[in-house]
Protein chains: 2
Amino acid sequence: MINKKLEMACRCLRVLAHPTRLLIIQALISGEKAVQEIEKEVGASQSSVSQHLTLLRDKEIVSARRAGPQVFYRLQDPKLSQLLALARELFCKE
Amino acid sequence: MINKKLEMACRCLRVLAHPTRLLIIQALISGEKAVQEIEKEVGASQSSVSQHLTLLRDKEIVSARRAGPQVFYRLQDPKLSQLLALARELFCKE
DNA sequence: TCTGCTTATTATAATATTATAATATTATGA
DNA sequence: TCATAATATTATAATATTATAATAAGCAGA
């Protein structure tokens, strides 16, 4: 009953289902940002943000580009904002 | 930064992010079903299905209706199938 | 190469989630 | 009330996730 695709979708959803990671994704909807900027926006520690970004990268939800000492992250698929909008509609009623 | 609505959306997403629970939701897209039918469709034990249904009920993702000895479950919001479709598009590529 | 800045990794203790087994509840018919 | 079928709850051991602290690694300018 439980196949590979279902497992993968679950793992991706689970990676989305974390407050800090949702904030990171929210921050990236307006465009790519360096880790430092993300840290400030979401208000989490360097290590924490880096680890969350690793999880998001592993699931190919975000991708990274190095520019000198900085690493810029961006969303892989703009459909992600649709997913977040739907989640808001469904789960943030009134 | 992290507010109540965000927390709630996270908790709901986390409840979605489980293989058995996704199968349950999938099974309910075609209409309401008794627990027994759900058990058969998803291939999980009585206790397991019941516990998963409790989590889904707690988050108001499904609702229950008792009819004699049976309890029928259904999806609260048809938008859920849109969410699943989007998740499939995003996370079940090729 | 040394220094400073940015980001990543590792280790770990605390907490949360899960599956299973056992038991309890609820409803119905004999 | 008793027996049975359907569902729910509880307890618990195994596993997974998380935040924090410490350390490492990558890059650029002096």
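The sequence lines fix the lettering, A, B, ..., with proteins before strands; numbering per chain opens at 1.
Close to D/dA6, at under 4.0 Å from its OP1 or OP2, lies a side-chain N or O of B/Q36. OP1 or OP2 of C/dT17 has not a single side-chain nitrogen or oxygen of B/R21 nearer than 4.0 Å.
Atom CZ of B/R11 and atom P of C/dT15 are 17 Å apart (whole Å). The separation between A/I38 atom CD1 and C/dT6 atom P is 14 Å, rounded to whole Å. One interatomic measurement links the two molecules: CG of B/L13 to P of C/dA16, which rounds to 19 Å at whole-angstrom precision. Taking atom CG on A/L23 and atom P on D/dT18, their separation rounds to 14 Å, with Å as the unit. Following rounding to the nearest Å, A/Q46 (CD) and D/dA22 (C1') show an atom-to-atom distance of 12 Å. For the pair B/F72 CZ and D/dA5 P, the interatomic distance rounds to 18 Å; values are reported in whole Å. Between the CD atom of B/E32 and the P atom of D/dT7 there is a distance of 12 Å, given to the nearest Å. Atom NZ of B/K33 is separated from atom P of D/dA6 by 18 Å (rounded to the nearest Å).
For the atom pair SG of B/C12 and CG of B/L80, the computed distance is 9.5 Å after rounding to the nearest 0.5 Å. Taking OG of A/S45 as the start and CD of A/Q51 as the end, the distance is 8.0 Å to the nearest 0.5 Å. Between A/T20 atom OG1 and A/H52 atom NE2 the span is 4.5 Å, to the nearest 0.5 Å. In this structure, CG on B/L6 lies 9.5 Å from CZ on B/R11, to the nearest 0.5 angstrom. Once rounded to the nearest 0.5 Å, the distance linking OG of B/S50 with CZ of B/R57 reads 7.0 Å. Here B/R14 contributes atom CZ and B/R21 contributes atom CZ; the two are 9.5 Å apart, rounded to the nearest 0.5 Å.
Here B/Y73 lies in heavy-atom contact (under 4.0 Å) with sugar-phosphate atoms only. Using a 4.0 Å heavy-atom distance criterion, A/A44 is classed as making no nucleic acid contact.
Here the options are A/L28, A/L56, A/L53, A/L55, the test is side chain to side chain contact (heavy atoms under 4.5 Å, CB included), and the partner is A/I61; only A/L56 passes.
For A/S47 against D/dA21, a side-chain-to-base donor-acceptor contact under 3.5 Å is present. For B/Q51 against D/dA8, no side-chain N or O and base N or O form a donor-acceptor pair under 3.5 Å.
Between the side chain of B/R66 and the backbone N or O of B/G68 there is at least one donor-acceptor pair closer than 3.5 Å.
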Table please: side-chain donor-acceptor pairs of residues 30-38 of chain B below 3.5 Å, with sequence neighbours left out.
residue : atom : partner : partner atom : Å
B/S30   : OG   : B/A27   : O            : 3.3
B/S30   : OG   : B/K33   : NZ           : 3.0
B/E32   : OE1  : B/R65   : NE           : 3.3
B/E32   : OE2  : B/R65   : NE           : 3.2
B/E32   : OE2  : B/R65   : NH2          : 2.3
B/K33   : NZ   : B/A27   : O            : 2.5
B/K33   : NZ   : B/E41   : OE2          : 3.0
B/E37   : OE2  : B/A34   : N            : 3.0

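The stretch residues 52-70 of chain B touches DNA chain C through B/H52, B/R66, B/G68, B/P69, each having a heavy atom within less than 4.0 Å of the strand.
In DNA chain C, runs of at least 3 consecutive Watson-Crick or G-U pairs, each pair with both distances below 3.5 Å, span C:1-30 with D:1-30.
Among the nucleotides C/dA8, C/dT20, C/dT18, the one closest to the side chain of A/S50 is C/dA8.
The number of heavy-atom neighbours closer than 6.0 Å to CD of B/E7, taken from other residues, nucleotides and ligands shown, is above 12.
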